Amino acid sequence: MGRSQMGDQVKDDSGMQERVALVTGGARRIGEAIVRELHDDGYKVAIHCRDSVDDARVLAEELNEAYPGTAIVISGDLLDVESLQDLVDEVLNEWGQLDALVNNASSFYPTPLAEVAEPDWDDLTGSNLKAPLFLCQAAMDALAESGGAIVNIADAGWERPLARHPVYAAAKGGLVALTRSLARDLAPDVRVNAVAPGIILWPEHETPEAEVAERYISRIPMQRMGEPEDIASAVRFLLSEEASYVTGQVLNVDGGASVMR
């Protein structure tokens, strides 16, 4: 989509005002792919990060080189609920609107029942469930004003949890329930859906041995891992006009693994 600067807003070649998206955990991995996909689709993007500030700035600089004034970096700890309204306000102060919220930021690690501790619970449910809830609360008025949409990044394993991950599974299962609940509560002004990735990227610093990786992949009907761009494309679709009658749904992007029961 072509863009041109018109006043203090960025508009496409047709003169239509473009859209604004906030993506949490948007500096790296799947979050980066989502940011790039939405930016390519004509969104101005607010790239949220906590620790990956340098990566977020490099990404924003690249996007702004292509289309000036279309990417910003906002940093903050999503577990600090009182600061979440500030994140939304920062986007509104920059561009005056918010059309899309993508709750992508996530913690992920095993918590065997015999070893799980309360800080693990606070971190995993905080990043995967509590933060999305309160960020949706902070953004709901702006999204309602724009007729916007929310996409939560769940996990295809919410129905078939990974062994030794009870807290993560509970948090992602809660996120699915939250998605469906908010879809009902925020309708008809705001649509709320979720994308549930399957095996897309191995956890950082935990790449499995070749035999283990092959065993996981052999259980996928498509016989391969997915790509971050697969998730990004699904997010773009759920935010688009093509999905204007879709809300409260969970789109599994898992190569068919979820049908292997």
Side-chain angles (χ1 to χ4, degrees), residues 23-34 48-52 55 76-81 102-135 151-180 194-228 230-232 234-235 250-261:
V23 181
T24 66
R28 302 172 60 248
R29 293 168 65 85
I30 289 175
E32 178 185 354
I34 293 170
H48 162 268
C49 61
R50 184 183 64 178
D51 300 322
S52 302
D55 292 317
D77 184 355
L78 297 181
L79 301 186
D80 180 6
V81 171
V102 182
N103 285 305
N104 166 74
S106 172
S107 296
F108 173 81
Y109 47 85
T111 53
L113 184 58
E115 302 172 14
V116 65
E118 189 173 4
D120 301 321
W121 173 269
D122 292 340
D123 178 43
L124 287 165
T125 62
S127 64
N128 290 294
L129 181 57
K130 182 178 179 180
L133 168 65
F134 285 102
L135 193 53
V151 175
N152 296 318
I153 305 301
D155 190 302
W158 73 272
E159 293 180 288
R160 299 180 65 193
L162 288 171
R164 302 169 59 245
H165 288 74
V167 180
Y168 176 79
K172 287 300 191 183
L175 184 60
V176 169
L178 177 67
T179 297
R180 291 173 171 166
V195 173
I199 298 178
I200 306 298
L201 295 170
W202 300 117
E204 291 185 279
H205 313 304
E206 294 183 30
T207 301
E209 295 181 0
E211 291 183 2
V212 176
E214 289 175 7
R215 188 161 63 247
Y216 277 113
I217 293 171
S218 70
R219 300 169 184 168
I220 302 172
M222 295 295 291
Q223 292 292 291
R224 63 176 177 84
M225 293 175 61
E227 301 288 343
D230 295 322
I231 306 305
V235 171
V250 181
L251 177 56
N252 286 339
V253 183
D254 63 356
S258 55
V259 307
M260 301 297 289
R261 296 190 175 92

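Just so you know, these numbers come straight off a predicted model, no measurement behind them.
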[X] side, atom [atom1]; [Y] side, atom [atom2] - distance, nearest 0.5 Å:
X    : Y    : atom1 : atom2 : value
D254 : I199 : CG    : CD1   : 9.5 Å
L129 : L178 : CG    : CG    : 6.0 Å
S258 : R160 : OG    : CZ    : 9.0 Å
E159 : N252 : CD    : CG    : 6.0 Å
D51  : D77  : CG    : CG    : 8.5 Å

Reference residue N103; test side-chain contact (heavy atoms from CB on, under 4.5 Å); the match among V23, L133, L78, L135: L135

Sole residue of L201, V235, D230 in side-chain contact (heavy atoms from CB on, under 4.5 Å) with I30: L201

Residue pairs, two or more places apart or on separate chains, that pass side-chain hydrogen bond (donor to acceptor under 3.5 Å, both in side chains) and touch residues 212-226: none

Pairs where residues 169-180 contributes a residue and the test side-chain hydrogen bond (donor to acceptor under 3.5 Å, both in side chains) is met, not counting sequence neighbours: N128-K172, N152-T179

Salt bridge (Lys or Arg N to Asp or Glu O under 4.0 Å) against E115, all qualifying residues, sequence neighbours excluded: none

Y168 and S107: CA distance, side-chain angles, deciding distance, side chain to side chain contact (heavy atoms under 4.5 Å, CB included) verdict: CA-CA 8 Å; Y168 176 79; S107 296; over 6 Å; no

Audit row: W158, L175, side chain to side chain contact (heavy atoms under 4.5 Å, CB included) steps and yes/no: CA-CA 9 Å; W158 73 272; L175 184 60; over 6 Å; no

Crowding at CZ, R29 (>12 non-hydrogen neighbours, <6.0 Å): yes

Worked verdict on T111 versus D120 for side chain to side chain donor-acceptor pair (under 3.5 Å): CA-CA 7 Å; T111 53; D120 301 321; over 6 Å; no

Ring-ring centroid check H165 F108, cutoff 6.0 Å: yes

Side-chain touch I34/I153, heavy atoms, less than 4.5 angstrom: yes

